[in-house]
Every structure is written in structure tokens, then in C-alpha cells.
Amino acid sequence: MQIPRLKNMDEKVLKMICDYLKPVVYPQNTIIRRMGEPFDSILFVTEGTVWVYSTTDRSQQIRKMKQFLQKGYIYGAEELLSWATSHSSSLSFVDLPFSTENVKCHTKVQGFALSAMDLQAIVSNCGHLWSPSNSDEAEVPHTTTLVLV
């Protein structure tokens with residue numbers, strides 16, 4: 001799985017990220033995240049299909065499909081890694097980003113999750129290795145690959 005924000009991250013930090021991943025299973029038709037809820041985790045999809053969509057009004061009558069995620073996709077990494085990078089010296093859950101879309105399981109979904117709390121622990125334990133320069137998106141010549149076994 002490739003995450004551009006982690007392209008230059010120290011291997012010790014990547015190992016710690018893998019160590020903190022927790023297996024998750026969501027039944028078919030489960031809502032993983034609703035619009036307006038805080039991003040509390042990154043989801044690494046290993047099996048199943050996830051719909052990412054937005055609604056245009058409060059009655060939720062008009063929907064727009066944004067993404068169709070399957071095995072190998074990651075959801076929420078950009079948002080939480082941006083939060084961790086920009087607030088690395090003083091991570092606060094008050095500053096968590098909020099979802100602008102709904103995330104729902106179309107099928108049973110299996111994967112791994114990295115919670116915001118665990119990401120905070122990684123940043124505080126590896127602060128000297130956590131590189132805010134990874135947020136520079138102007139140049140992304142390659143990506144780091146996290147292999148989930």
C-alpha cells in the first residue's frame with residue numbers, strides 16, 4: 001500500500017505504524033464514518049468494497065459517489081497524517097479533521113486501522129524521527145510501500 005506522505009519517513013517510524021495497526025471487520029452495509037464526524041482512524045482495506053459518497057442536503061436525498069474502495073486502498077491517511085504533521089509538537093484531539101463525506105461498507109470489509117490515538121503515540125515516541133517535511137506535496141517522485149501481511 002502506498003502513501004505519498006510517508007515517502008521519506010524513517011523505517012523505525014514505519015515499523016511502529018505497522019506495530020500499531022489493528023485488524024478490523026465491518027459487516028455489509030455498515031457505516032464506517034458519517035459526514036461531520038471526526039477522522040479518528042486510517043483504514044487500510046484488505047478485503048471487500050467500501051463506498052465513499054457525499055450528500056448535498058440535510059435530507060440526504062441527493063447523493064454523489066466519490067470513490068469506490070477495494071483491496072489495497074487506504075482511507076483517511078491524508079487527513080490524519082496531515083493532522084499529525086502539522087501538529088506534531090502538540091497533537092490535540094480537539095484539532096482532529098472532520099469528514100466531509102460518508103463511508104459505508106458495500107460488502108463485508110476487512111482491513112487494518114490506525115487510530116488517531118495510536119498515531120499520536122507514534123509521533124510522541126518518535127518525534128525526533130517524525131519529519132514534517134513529508135507534508136511537502138509539490139514533489140512526489142516515489143512512494144513508500146507498507147506491506148501488510
Side-chain angles (χ1 to χ4, degrees), residues 1-54 64-149:
M1 298 186 181
Q2 299 180 348
I3 305 172
R5 258 191 206 279
L6 298 180
K7 68 181 175 107
N8 295 320
M9 193 63 70
D10 187 279
E11 289 295 321
K12 291 178 185 177
V13 177
L14 295 176
K15 168 107 175 63
M16 187 173 270
I17 288 172
C18 289
D19 290 344
Y20 273 92
L21 292 175
K22 293 180 177 70
V24 291
V25 177
Y26 298 101
Q28 181 177 356
N29 295 321
T30 301
I31 301 291
I32 297 173
R33 184 167 291 113
R34 294 183 197 281
M35 288 176 62
E37 291 182 349
F39 266 98
D40 60 354
S41 64
I42 299 170
L43 173 63
F44 299 81
V45 179
T46 58
E47 293 295 326
T49 305
V50 177
W51 287 347
V52 179
Y53 62 95
S54 63
K64 179 181 176 188
M65 188 68 70
K66 290 185 171 183
Q67 291 179 295
F68 191 72
L69 308 179
Q70 295 182 311
K71 181 178 182 175
Y73 281 85
I74 302 164
Y75 183 77
E78 201 54 42
E79 293 81 0
L80 275 187
L81 291 172
S82 177
W83 167 74
T85 300
S86 61
H87 298 89
S88 60
S89 61
S90 62
L91 286 179
S92 168
F93 294 110
V94 174
D95 299 327
L96 277 173
F98 285 83
S99 179
T100 58
E101 50 207 11
N102 298 297
V103 182
K104 180 180 178 180
C105 299
H106 178 61
T107 64
K108 176 181 174 184
V109 172
Q110 296 180 34
F112 293 93
L114 177 65
S115 71
M117 186 177 293
D118 288 340
L119 185 57
Q120 181 186 42
I122 293 166
V123 172
S124 65
N125 288 332
C126 296
H128 62 288
L129 301 172
W130 190 264
S131 174
S133 66
N134 289 330
S135 65
D136 180 13
E137 307 223 10
E139 177 185 337
V140 183
H142 67 282
T143 57
T144 296
T145 302
L146 287 179
V147 179
L148 304 176
V149 182

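Counting heavy atoms from C-beta outward, Val52 and Tyr75 have side chains that approach closer than 4.5 Å. Side-chain contact between Arg33 and Ser99 is present, with at least one heavy-atom pair separated by less than 4.5 Å. For the pair Val45/Ile74, no side-chain contact is recorded, criterion being any heavy-atom separation below 4.5 Å from C-beta on.
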Exercise for review: Take Val50 and Tyr73 through the test side chain to side chain contact (heavy atoms under 4.5 Å, CB included) and record every step on the way to the result.
Suggested key: CA-CA 9 Å; Val50 177; Tyr73 281 85; over 6 Å; no
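Considering all non-hydrogen atoms of both residues, Cys105 and Pro27 come closest at CB-O, 3.6 Å. When all heavy atoms of Ile31 and Arg34 are compared, the closest pair comes out as CG2-CG, 3.6 Å. Looking at every heavy atom in both residues, Gly48 comes nearest to Thr107 through CA-OG1, 3.3 Å.
Around atom NZ of Lys22, more than 12 heavy atoms belonging to other residues, nucleotides or ligands sit under 6.0 Å away. Within 6.0 Å of the CE atom in Met35, the count of heavy atoms belonging to other residues, nucleotides or ligands exceeds 12.
Scored by the salt bridge (charged side-chain N to carboxylate O under 4.0 Å, His left out) test, Glu47 finds Lys71 as partners (sequence neighbours excluded). Take Tyr20 and apply the side chain to side chain contact (heavy atoms under 4.5 Å, CB included) test, not counting sequence neighbours, and it matches Met16, Leu114, Asp118, Ala121, Ile122, Asn125. Here Pro97 pairs with Phe39, Glu79, Leu80, Trp83 under the side chain to side chain contact (heavy atoms under 4.5 Å, CB included) rule; sequence neighbours left out. Under the side-chain hydrogen bond (donor to acceptor under 3.5 Å, both in side chains) criterion, Asn29 pairs with no residue, sequence neighbours left out.
Side-chain atoms of Asn102 never come within 3.5 Å of backbone atoms of Ser54 as a donor-acceptor pair (strictly under, hydrogens ignored). With hydrogens and angles disregarded, a donor-acceptor distance shorter than 3.5 Å links the side chain of Ser124 to the backbone of Gln120. The closest donor-acceptor contact from the side chain of Thr49 to the backbone of Gln70 lies at 3.5 Å or more, if one exists at all.
Residue pairs that meet the salt bridge (Lys or Arg N to Asp or Glu O under 4.0 Å) test with at least one member in residues 120-129, sequence neighbours left out, do not exist here. Residues in residues 103-117 take part in no salt bridge (Lys or Arg N to Asp or Glu O under 4.0 Å) pair, two or more places apart or across chains.
Distance check, rounded to the nearest 0.5 Å: CG of Leu96 to CG of Leu119 gives 9.5 Å. Separation of atoms CG (Leu43) and CZ (Phe112) is listed at 11.0 Å; rounding is to 0.5 Å.
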